[in-house]
Each structure stands twice: as C-alpha cells, then as structure tokens.
Amino acid sequence: MSAIHSSGVTDPNGRAATRGEQLLRRLLRGPAAPGRDHSPVTHVERVPARPGQPGAWPDWVAPLLVDRLALRGIAAPWRHQAAAAELAWARQSVVVSTGTASGKSLAYQLPVLSTLLADSRNTALYLAPTKALAADQLRSVRDLALADVRAAAYDGDTPIEERDWVRAHARWVFTNPDMLHRGILPAHARWAAFLRRLQYVVIDECHGYRGIFGSHVAHVIRRLRRVCAKYGGSPTFVLASATVSSPEESAGRLLGLPVRAVSEDGSARGALAFALWEPPLIPGLSGENGAPVRRSSGAEAARLLADLVVEGARTIVFVRSRRGAEVVALSARRSLAETAPGLADQVAAYRAGYLPEERRALEAGLENGALLGVAATNALELGIDIAGLDAVVLSGYPGTIASLWQQAGRAGRERQDALAVFVARDDPLDTYLAHHPEAVFGRPVEATVLDPENPHVLGPQLCCAAAELPLSEEDLPLFGEEAARALLPDLVRRGLLRHRPTGWYWTSRKRPAVDIRGTGGEPVQVVEATTGRLLGTVDRWSSHAVVHTGAVYLHQGVSYVVDDFDVEDGVACVHAEEPDWTTSARDVTDIRIATTVRRRDLGPIALHYGTVEVTNQVVSYLRRRIATGEILEEVPLDLPPRNLRTAAVWYTVADSALAAAGLTWPEIPGAAHAAEHAAIGLLPLFATCDRWDIGGVSTALHEDTGRCTVFVYDGHPGGAGFAAHGYDAAGAWLRATRQAIASCECESGCPSCVQSPKCGNGNEPLDKAGAVRLLEVVLAALDPPDREDHQGEPDG
Ligand SMILES: [Zn+2]
Ligand SMILES: [Zn+2]
C-alpha cells in the first residue's frame, strides 16, 4: 500500500481510503452525481495492492543485455518474466498471460535478444495485430542500442528499397500476420536464410486473434511452421496475452502445438478501486415503442473526465469511435471552461490516424503533466505507450473482458493507487456487467474462440499452403487431417488444386487471393469517392448491413457516409462526414436446418448444434441521434436476399413446457423474440464475438422442428465457432440471459434488456416477462440448480 496517498481519510472499517477511493467519492459529490436517491455506482471492487515478486536473471542472459536493462532502471526481472524466459530458452513454447503493464515484453526480449547476441546468424520474428504496436515494440528494442541485433520493421509501410535490406540483413523482423501471409510466406525462397536460422517467433497480444481472423491466423502460423521446416528451421513460440481463461488452450489452438502458460503475475501494483457505473434514466424521455432512455455513456464519461481533471487526476477515457472520443474531449473542455477555465487546455482527444510523432507528443504530455485528460479510441488500446495514470474511464464495454482489463490496467503502477470506472452503455451486455460484478471480477469466463476447421477458412488456406509448397500426405495433420481430407476433393474438382501421386499442387500462376480479415468471396471495396482512395474492405455477407447506401461507416474511428453501394460490382463509395446520427440496418431472416451435429434431448426441451441455411434480406435502415438514441427515421432499401450456410445453436420448447410456464399462445412469439435478442446480446461474454458477428431467429412454431424454436447463428459463412461455443456454454449463457432480462429496471423492455438495434421487425413483438418464464423452463431442463457451476458471488 502506498503511503503517499493515504492522507488520513478512512473508510467505515477504519481502513485508510486509497487514492482511487478518494477520487470516486469526489465524483459522487461532483456535478456528475445524480439525485441523492439513485447512485449510479452499482459496485466498487477494491483490488488490493500487490507487492512484487522479484526473480533473478537467468544465468544465460547476455551480460551486455543485463547492463543495458540496468540503464533503463530494471535491476531484476519479476518472477513471471524469468519463468517464461526460462521456458522459452529451454525451447518450450510458452504463453505469458498477465495484466497490463506487467512487463510481458521483457519475458520474450530476454530469450530472443540473448539468442541473437549468442550467435550472429540467429534470427527472430515478432508479430503484432497492429502496426502501431509493432512500431512501439521495435522502438523499445532499438532503444537498448544493441547494434548487432539489427531489428527492423517489415510491413505495408516499409519502402520497397528497404525491403531487400531487411530480407538480407535484419535479424529481428517486426511484422504482422497480414504481411506474413501476403508478403513473406509466398516469397519464402527469398527468406530462406532467415527462416533456416529462425529461433523464436513472438506473437504479441495473441488474445486478439479470434473469430474468422483468428482462424486464418492459426493457419498462417501453420504455414510458417511448414515452410521453416523445409529449410531446417524449428522456431520456439513465445506468446503474450491479456489475462484470459485457459491461456494454454487458446494459445495451443492458435499454434497447433502444446504451449505452457505462465499466468501468475509477479509485478508490483498499487491498489485499484474499480467502480461499475450505470448512467441514470432521463425522466420524461422515451425511445422506440415508448422504452425509457438512459443518459448516454459518452455524456457521462465526459462529465467524469472533467471532474477528475479538476481533482488533478491524470485520466484517460476509452471510447468506441473517434467521433465519440472527440465529443467526449470537447464536452469535457466545455464544462471545464465554465468551472475551471485554466484546465480546459489540458484535455485532448487522442485517436487513430495520428502520426507517430503526434502520438508521442500526447504521450509525453500526459507523462510530464502538460495534459491531464485524454479521450482515446479503443482502437488505440494496443498501440499506446501510456501507463501509470491516476484514473481510467471506460465508456462502454470494449468487447472482451481481456480488453476491459487491458484498458483499466493503464491506471496505477507500482506503489501508486488508482481508480477505474466502467460506464455502461444502454445495451443488454453492458447492463448485465454493471449488475453482475462477478462476471467482471470473477475468473474470466470468455474463451478465445476460433475455428481453424471452418471450410471457408481452411479451403483458401490449403490453397495458399499448396501455392507455397505442394501439399503432401504428411502435411495434412498440421492443418487438421479430417477436415482437410474432406475438403481437398472439392478443391480439386473446382480446378484450384491438382492431385498427383506426390501430393496436391496449386494450378494457377497467380497466387491465391485470400483476405485473412474476411470470409470467402471477393470482399466489398470501400472507396472514397472524391479521391478514389481504397479505405478498406468489408466481407460480402456483412456488406449489406454495414455499407448500404446511406450507412454511416466507421473506419479506424473515422466516420464516413456511404453515397452509393453497388452490389454487383462490390463497391461502396463513401465520403468523410460526421453526422450527429448513426445508422443501423434492419433485416428479415428465414432459417432452415440442414444438419444436426450435436443434440441434448431433455424431454420437452432440446438443445442442438448444427448447420443451417439462413436467408437474409436487409430491408431498411434506421437513423438514430447519437446523443439520445432517438430514432429520426426509417429509410427503405432495395437489396436482394442472400443465402448463408453457417453454424447455429438452437433450442426447442414443446407446447407442454410452454403451457407449464404459463405462456399462452399469443404471448409465445414475443417471449421467444425477446429471449432471442437478449441471448444475442449476452453471447459475447462467453464467446469472444461481437454482437454483430452473430444473428438470431425465433419462431413460435418452426416447420423443421414442429416446436417453438430460438436460433442463434454465426454471421459468417461456415461459422466462426461462436455458435459451437454457445452450445457448450448453454447453461451459463442462458442463465446470464435470463438474469439480464429479469434484473432490468424497465417495465416492458428497453435497449438494456430485450430491444435490439438491428431487429428486422422494429422490436415487435417483445414480451419481457414472457421471455423470463420461457428461459426458466429451458434452464430448469438444461441446467438444473444443483448442477450450476458457481463463479463466485458478488460481494456487497
Ligand atoms: Zn429493460
Ligand atoms: Zn428482432
């Protein structure tokens, strides 16, 4: 516990209040505080200070490196850093899964740099999900001034003339999976010397590789292993991950190799007070179908930022979009201009698109106190070099518990107490978290979901692999033997591969065009109309909902409006614009069951997992005012229906069980529909997906099952593993769904519980009370109370 901040204030137990607790009390007294009767704080978790556990330098660490680290103020490694480094040095692939600012970099720098210093021919590779993070890590290595190491970046920004030098001379190459996939592996012959001597592959922030992208990256890594083996290389993998459940399993799935985990954090930390904050309802305002409206999380976060700055607390607010970050910074400055004019200039927005020098200047400003408050986009979560702040405010759930801790972990440092505040947005998952602290502070529940056997990922990846080196029988286990064998005949029939006695050969002279961040088919190109600049791509299936004419499209936090969406050509023309509304597409969906792969028959209830045919048509979109969520208008769209073959989890409820739940026939459609919406909202807590990665259909009577049926399906061709995970975690998932609905304070349904922003039916019919009863009969069969796995109760 830090003595500096325990300035005589005590809590009811006579304990000295930490700096974080003091700040929280000021917030509850400040202008952001609501009326007396309704505290927005639903829970405060007090994470105690932790003394560090120093380890010793392993005896193999190069003395020069120990000297250089000492100059940086590192006298000894923490115990977890030493443990991970020892495993890596012993050639055991290892994942370090510890908190933000716990020094994961040192865990891989020790073995990698020692190897590079020990033999001047050895090489290493570093992979990060973003260029910004790779640039930061490269800078950190270069700052050690170990000339012989020759660390260099090799990514989309590397000038062509530099690339030859990197291939020939660099010994530690910093890149990303996209560049490995597109640039390095297809040209492996030119990298032969590098790959032959490749000792280590570092995979940073590996929990970010999930869903379709993660499934592709899993194969890119398998391709790297295969190509290395051809040249005689056999690298050891060192992975860094946020705190996740079973890191060794997730990392093992990503690599296709056994991985050891080091997850006991030995770094020292000050105490953290972590508050869950639910903005109050705005009296007298009503939204869709008369639902109550909450103050927006952004408006609330801006007020907290202003109050914290007044307290002299160095604060960062994480917001989902660049526009959101700018609005938060602007409104905090405005309110400071009135209350504390001298402080308004000490608040800034910090977003993607800034040049590295601009980012460094902002980071330095926060470090030296020239800046006190910053509103940043979530996109920068990985690429920023800021830690040791007094307070962090999260405006909305960042998508995974891992990211939530990543962001909160920017608060506090060794011997310094701090505050984190999670401000819930108006949706079922945020609301659930605000009321279920055990889901945030208990053991992590979400698994990093990826499915390398998805045929829409595996097929193209087998083509990429065959184009690099012909595929032999011996290669198949690497890519998943059964799934690969099932797919190869089809790839041969389609003329992509040729089967010869020695294996499978890529037939074309052109390399396969595979987008590892999308799914199958040519992606839709998003083009800026005035400049012709290609901003990015959107996969075909999502495009109708995301870049239809009139859509507000966010790209790296920058807001664009779509002028025209050409379905045939797959091009969306956009212009930069930041209107004060957002758009959400509405669709109609029909679903047919193709095959049932797994099922649990529980009498009147049955749970299934299998393949479905989804027919989906985006029919209109809504414009909503950002500040209030108010619907401005619904605009019809003229888009064709599409078919999607994908994975789904569904449950059926027999009439007898519906009757037992007291549900009458007219109530059933609304009950099932409301249960479906909330289930989609909660699945991201159990499978690392976004609410937009999945879809659902509910019906009082489905023609394939003859029963009331609720489906939740993966919104990507072939599935990304989310529905499968929903099947496995059905008990916990549907229990959370029931709780989210039952505990919402609204009367008959609101965006916090059963309303969905993307509902194709205008959120009609929805029966909140009926959904609770429906879920209760499902849970009674699926997950009887005596079989519940307790995840710890909320304290207080
Ligand atoms: Zn509600
Ligand atoms: Zn709906």
Side-chain angles (χ1 to χ4, degrees), residues 38 40 42 278-283 285-297 397 424-436 544-545 584-591 614-622 624 628-631 634 648 650-651 667-683 691-702 708-713 715 736-775:
H38 222 84
T42 54
E278 182 177 52
L281 296 171
I282 305 174
L285 206 63
S286 64
E288 191 174 11
N289 304 335
V293 176
R294 270 179 205 290
R295 204 148 77 194
S296 79
S297 65
Y397 182 57
R425 287 188 307 157
D426 200 6
D427 71 36
L429 184 49
D430 281 33
T431 308
Y432 177 83
L433 293 171
H435 290 279
H436 293 85
H544 288 214
S584 48
R586 295 207 138 164
D587 55 8
V588 288
T589 306
D590 190 32
I591 197 163
V614 177
T615 310
N616 173 282
Q617 184 173 20
V618 172
V619 290
S620 66
Y621 69 95
L622 295 178
R624 267 172 222 270
T628 60
E630 178 197 351
I631 294 170
E634 178 166 1
W650 64 96
Y651 59 84
E667 292 172 322
I668 296 169
H673 189 199
E676 171 221 321
H677 279 185
I680 293 172
L682 268 293
L683 186 57
R691 159 175 201 168
W692 303 93
D693 287 335
I694 47 180
V697 174
S698 57
T699 159
L701 179 66
H702 192 271
C708 168
T709 308
V710 176
F711 293 87
V712 173
Y713 60 86
T737 304
R738 192 205 76 87
Q739 284 168 359
I741 304 172
S743 65
C744 186
E745 60 185 300
C746 72
E747 207 162 296
S748 55
C750 72
S752 296
C753 56
V754 297
Q755 287 190 345
S756 162
K758 61 172 200 171
C759 179
N761 289 323
N763 282 305
E764 297 247 26
L766 289 177
D767 183 338
K768 180 181 169 182
V772 173
R773 278 184 280 152
L774 177 70
L775 285 162

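Keep in mind it's a predicted model, so treat the numbers as computed, not measured. Scope of the values below: all heavy atoms of this structure, side chains included, with no hydrogens, waters or symmetry mates. Whatever order the structure lists them in is the order used to number ligands and atoms, beginning at 1.
Near the Zn ion (ligand 1), less than 2.8 Å away, sit the protein N, O or S atoms Cys744 SG, Cys746 SG, Cys750 SG, Cys753 SG.
Within His677, the N/O/S atom positioned nearest the Zn ion (ligand 2) carries the name NE2. Among the heteroatoms counted here (N, O or S) of His673, NE2 is the one nearest to the Zn ion (ligand 2).
With hydrogens and angles disregarded, a donor-acceptor distance shorter than 3.5 Å links the side chain of Arg586 to the backbone of Cys759. Checking side-chain atoms of Thr42 against main-chain N and O of Ala434 turns up a donor-acceptor pair under 3.5 Å.
Using a cutoff of 4.0 Å between basic side-chain nitrogens and carboxylate oxygens, Glu634 and Arg624 are not scored as salt-bridged.
If you check the side chains of Asn763 and Asn289, you find no donor sitting under 3.5 Å from an acceptor. Between Gln755 and His677, the side chains place no donor N or O within less than 3.5 Å of an acceptor N or O (distance only, hydrogens not considered). In the model, His435 has a side-chain atom that pairs as donor or acceptor with a side-chain atom of Glu278 under 3.5 Å.
Counting heavy atoms from C-beta outward, Val710 and Trp650 have side chains that stay 4.5 Å or more apart.
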